[in-house]
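See below for the structure under consideration.
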Amino acid sequence: RRAVEAALWIEANSHLDIELEDAARQASVSPYHFLRLFAGALGVTPHQYLLRTRLRRAARHLAEDDKPVTEIAYDVGFNDLSNFVRTFHRAAGVSPLKFRQGSRGERKIFQERLALN
């Protein structure tokens, strides 16, 4: 239960700088115990969970918003644009800009197919 509550806290605060000690304090356990508890319950470390949360938010913003990529990177919690681009590319297989273009192109194709039927 503590790990799940901590995961929810991480999601709610993923745009902030979160240290292991902060998350452990939320779960009322030591950082060492928290790391083992979290990884055992969720299958990833708190840091990996934080990165995935930030990347999911970034992907949603890229697909839905017209904000610049730089602004999205900072909004979701990355402090460095090059780190964001590299991390996003590693996770998604394409750059944030290509992801945005692809998500909008697919939506347009889908909308055109709906209009034909």
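What you see is a predicted model; the values in this text were computed from it and never measured. Only this structure's heavy atoms are used, side chains among them; waters, hydrogens and symmetry mates stay out.
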Hey, any chance [X] and [Y] share a hydrophobic cluster, counting ILVMFWY side chains that come within less than 4.5 Å of each other, even indirectly?
{"X": "W9", "Y": "V76", "answer": "no"}
{"X": "L50", "Y": "V85", "answer": "no"}
{"X": "V94", "Y": "L62", "answer": "yes"}
{"X": "I10", "Y": "V44", "answer": "yes"}

Over all heavy atoms of both residues, which pair between [X] and [Y] is shortest? Give the atoms and the distance, please.
{"X": "A3", "Y": "L42", "answer": "O-CD1, 3.8 Å"}
{"X": "S95", "Y": "H89", "answer": "N-CD2, 3.3 Å"}
{"X": "S103", "Y": "R100", "answer": "OG-O, 3.0 Å"}
{"X": "A58", "Y": "F84", "answer": "CB-CE1, 3.6 Å"}
{"X": "R54", "Y": "S14", "answer": "NE-O, 2.6 Å"}
{"X": "D80", "Y": "Y74", "answer": "N-CE2, 4.1 Å"}

Exercise for review: Begin with the C-alpha distance, continue with both residues' side-chain angles, and end with the deciding distance and a verdict on side-chain contact (heavy atoms from CB on, under 4.5 Å) for Y49 and E11.
Suggested key: CA-CA 9 Å; Y49 189 82; E11 283 190 36; 2.3 Å; yes

Please check if any side-chain donor atom of [X] sits under 3.5 Å from a side-chain acceptor atom of [Y], or the reverse.
{"X": "R2", "Y": "S28", "answer": "no"}
{"X": "D22", "Y": "N13", "answer": "no"}
{"X": "T87", "Y": "R90", "answer": "no"}

**Study point:** Step-by-step salt bridge (charged side-chain N to carboxylate O under 4.0 Å, His left out) determination, R1 to E5
**Key:** CA-CA 6 Å; R1 190 182 102 238; E5 288 173 358; 3.2 Å; yes

Report the distance from atom [atom1] of [X] to atom [atom2] of [Y], rounding to the nearest 0.5 Å.
{"X": "H47", "Y": "R52", "atom1": "NE2", "atom2": "CZ", "answer": "11.0 Å"}
{"X": "E21", "Y": "F34", "atom1": "CD", "atom2": "CZ", "answer": "10.5 Å"}
{"X": "I72", "Y": "F78", "atom1": "CD1", "atom2": "CZ", "answer": "12.0 Å"}

Please tell me if the side chains of [X] and [Y] come closer than 4.5 Å, counting only heavy atoms from C-beta onward.
{"X": "F38", "Y": "T45", "result": "no"}
{"X": "L35", "Y": "P46", "result": "yes"}
{"X": "L51", "Y": "Q48", "result": "no"}

Check your understanding: Heavy-atom count around K67 NZ within 6.0 Å, excluding the residue itself: above 12?
Key ->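 Buried by this count: over 12 neighbours within 6.0 Å.
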
Review point. Just wondering, are more than 12 heavy atoms of other shown residues or ligands nearer than 6.0 Å to CZ in R56?
Key: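 More than 12 within 6.0 Å, yes.
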
Review point. Do the charged groups of R60 and E64 touch, with an N to O distance under 4.0 Å?
Key: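 Judged by the 4.0 Å cut-off on N to carboxylate O distance, R60 and E64 do not form a salt bridge.
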
